[in-house]
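In the text below, chain A, chain B and the rest are named by the order of the sequence lines, each starting its count at 1.
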Number of protein chains: 2
Amino acid sequence: MKEINQEVFDENRTEAECCETFCVHEETVDKVKSHMPDDELLDGIADTFKVFGDKTRIKILYVLHSSELCVCDIAQLLDMNQSAISHQLRVLKQAKLVKSRRDGKSIFYSLDDSHVRTILSMGMEHAMEQEV
Amino acid sequence: MKEINQEVFDENRTEAECCETFCVHEETVDKVKSHMPDDELLDGIADTFKVFGDKTRIKILYVLHSSELCVCDIAQLLDMNQSAISHQLRVLKQAKLVKSRRDGKSIFYSLDDSHVRTILSMGMEHAMEQEV
DNA sequence: TGAACATATGATTATCTGTTCATATGTTTA
DNA sequence: TAAACATATGAACAGATAATCATATGTTCA
C-alpha cells in the first residue's frame, strides 16, 4: 500500500519529497520562488527573533525600557541570580539590542536599537489579542 | 573567601541572590517595578517571538507573503518534506499567524494577522543592519 | 465502495538552549 | 597592595524543540 506510492514517487521526482505526484500550483510557486530573499537574510531574521523569544530576555528588555540599569538591579527586578542575567545580557549585546557602559564597579546596560521598542510593541499587541 | 561573602549575604538578604550587598539603585528599581506589565503578558510576548524565531517558520511566512499556498507548494519551495512543513504550519496556526481553507484534497494556507508583515519587516531591518 | 492522494499527527531522536555552579576578571578602597 | 565587590565566563546538566518515520484522517474520483 505504502510501498506502491513510494515507488511511483521515486520514479517521478528528484526534488524534495513533498507529495507523491505533482499537486504543485506551479505558476504560483515559480513566482514566489523568484521573489525569495537570500537564505542568509532569512536566517538572520530568524536569529533576531530568536533573541526576543525568551521570557528572561523579554523581561530584561522591558526593565531597560525606561532607564539604564546595572546587572544587579536587573537581577533583583527579575528575582534571578546574577550569572543567569549576565549570560542573557551577553546574548542581547551580541544581537546589538543592548549596550553597556562601565561606571566604577558597576556596568550599566541600556537599549541599543531603534527597532527594539517597535518590535516589542508589535509583539505585545499580538500577544494581547491572543488572550481573547 | 567565597564563604565570607555568602555569610554576609545570607544575613542581609532574603530576596533573589544577585549581589553580595546592596549595590542596587533602589529608586530606579522601584520605579521600574511599578511599571512592569503582568508576567503573563511578558510570557505571551516571548511566546509570540518564539514562533518567529525559527528558520523554517520564517521561510513559510515569507512564501505566504504574496499568495496563499498548499502544503505541497510550501514543501517544494523550501525543499523539505511534507511532514516537517505540516508540523510547523500547525505551530503557526496555533499562534494565529496563518489560517487555512480546504479546497478539495488540498489545504491552502495564508497569513492571518495584520501584524505579521510589520513584524517581519522590523526583523528584516534589524537583520540587515547586523550584516554591516 | 475502494484506490489514490493531500495533509495531519504521535513517537522517537538528535540537537539546541537556559540555568546553575564554580571561578576568573577587572575595579575600588582601606 | 590586599580585601571586597560587581560582573563575566566556561563546563555541565536538564528541559525544550525540530526533523523524521510510520501511520492515521479525510477527500476525490473511477
Side-chain angles (χ1 to χ4, degrees), chain A residues 1-9 12-13 16-25 46-47 50-60 69-76 78-95 98 100-109, chain B residues 1-9 12-13 16-25 46-47 50-51 53-60 69-76 78-94 98 100-109:
Chain A
M1 199 211 253
K2 179 69 179 175
E3 298 304 308
I4 297 170
N5 297 344
Q6 205 54 40
E7 283 163 22
V8 171
F9 169 83
N12 292 341
R13 298 290 309 285
E17 301 178 14
C18 57
C19 313
E20 274 101 74
T21 56
F22 283 103
C23 67
V24 176
H25 195 189
D47 286 343
K50 208 169 284 179
V51 179
F52 285 90
D54 174 80
K55 192 176 167 174
T56 301
R57 288 192 292 266
I58 285 289
K59 286 183 181 177
I60 293 177
L69 294 168
C70 72
V71 179
C72 180
D73 290 342
I74 300 172
Q76 179 164 327
L78 304 203
D79 197 30
M80 291 177 68
N81 72 45
Q82 174 269 322
S83 181
I85 300 298
S86 207
H87 278 293
Q88 296 303 351
L89 283 170
R90 191 183 179 216
V91 175
L92 290 167
K93 197 173 180 182
Q94 280 176 176
V98 304
S100 63
R101 72 175 180 86
R102 171 153 238 145
D103 179 12
K105 279 179 281 189
S106 298
I107 295 184
F108 286 90
Y109 282 84
Chain B
M1 201 212 253
K2 179 71 179 173
E3 299 303 307
I4 296 169
N5 297 344
Q6 205 54 40
E7 283 163 23
V8 171
F9 169 81
N12 293 342
R13 300 287 312 285
E17 301 179 14
C18 57
C19 311
E20 275 102 70
T21 57
F22 285 102
C23 66
V24 176
H25 195 188
D47 286 342
K50 207 169 283 179
V51 179
D54 175 79
K55 191 177 168 173
T56 300
R57 289 193 291 266
I58 284 290
K59 286 183 181 176
I60 292 177
L69 294 169
C70 72
V71 179
C72 181
D73 292 342
I74 300 172
Q76 180 164 326
L78 304 205
D79 196 30
M80 290 178 68
N81 72 45
Q82 174 270 320
S83 182
I85 300 298
S86 208
H87 277 295
Q88 296 304 347
L89 282 170
R90 191 182 181 219
V91 175
L92 290 167
K93 197 172 180 182
Q94 280 176 177
V98 304
S100 63
R101 72 176 179 88
R102 171 152 237 146
D103 180 11
K105 278 179 284 189
S106 298
I107 295 182
F108 286 90
Y109 282 84

Short heteroatom pairs, N/O only, protein and nucleotides 8-14 of chain C, under 3.5 Å:
residue	atom	partner	partner atom	Å
C:dA8	OP1	B:Y109	OH	2.5
C:dA8	OP2	B:S86	OG	2.6
C:dA8	N7	B:Q82	NE2	2.8
C:dA8	N6	B:Q82	OE1	3.4
C:dT9	O4	B:S83	OG	2.6
C:dG10	O6	B:H87	NE2	2.8

Q: Evaluate side-chain contact (heavy atoms from CB on, under 4.5 Å) for B:L89 paired with B:I107, printing each intermediate quantity in order.
A: CA-CA 11 Å; B:L89 282 170; B:I107 295 182; over 6 Å; no
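- Residues passing the salt bridge (Lys or Arg N to Asp or Glu O under 4.0 Å) test with B:D47, sequence neighbours excluded: B:K50.
- Summarising the geometry, the separation between CD1 on A:I58 and C1' on C:dT17 is reported as 16 Å, rounded to the nearest angstrom.
- Residues A:T56 and A:L78 share a closest heavy-atom pair of O-CD1, 3.9 Å.
- At whole-Å resolution of the value, CD in B:Q88 and C1' in D:dT20 are 12 Å apart.
- Note: CG (A:N81) to P (C:dG18) measures 15 Å, nearest angstrom.
- Judged by distance alone, with hydrogens and angles left aside, the side-chain atoms of B:R90 form no donor-acceptor pair with the main-chain N or O of B:L92 at under 3.5 Å.
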Q) Using a cut-off of 4.0 Å between protein heavy atoms and nucleotide atoms, how would you tag nucleotides 25-30 of chain D 5' to 3' with B, S and -? A) -SBS--
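- Judged as a side chain to side chain contact (heavy atoms under 4.5 Å, CB included), and not counting sequence neighbours, the contacts of B:S86 are B:Q82.
- When atom types are taken as modelled, the side chain of A:D103 and the backbone of A:S106 share no donor-acceptor pair closer than 3.5 angstrom.
- The minimum heavy-atom distance between A:A75 and A:I85, with the atom names listed, is CA-CG1, 3.7 Å.
- Minimum interatomic distance between A:V51 and A:A95 (heavy atoms only, all atoms of both residues): CG2-CB, 3.8 Å.
- In terms of position along DNA chain C, the nucleotide closest to B:S106 lies nearer the 5' end than the nucleotide closest to the other residue of the pair A:R57 and B:S106.
- Between the P atom of D:dA16 and the NZ atom of B:K50 lies a distance of 9 Å, rounded to the nearest Å.
- We find that CD1 of B:I60 is positioned 14 Å from C1' of C:dT7, with the value rounded to whole Å.
- Listed by chain and number, the residues in a side chain to side chain donor-acceptor pair (under 3.5 Å) with A:K93 are A:S100 (sequence neighbours excluded).
- Axis angle across the helix from C:dT1-D:dA30 to C:dA30-D:dT1, with five pairs used at each end and values rounded to 10°: 20°.
- In this structure, the side chain of A:R57 does not engage the main chain of A:K59 through any donor-acceptor pair within 3.5 Å.
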(Q) side-chain contact (heavy atoms from CB on, under 4.5 Å), that's the test. Do B:L69 and B:Y109 meet it? Break it down for me. (A) CA-CA 5 Å; B:L69 294 169; B:Y109 282 84; over 6 Å; no
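- The distance between atom CE of B:M80 and atom C1' of D:dA18, rounded to the nearest whole Å, is 8 Å.
- In this entry the distance linking CZ of B:R101 with C1' of C:dT7 reads 15 Å, nearest Å.
- At whole-Å resolution of the value, CG in B:D79 and P in D:dA19 are 13 Å apart.
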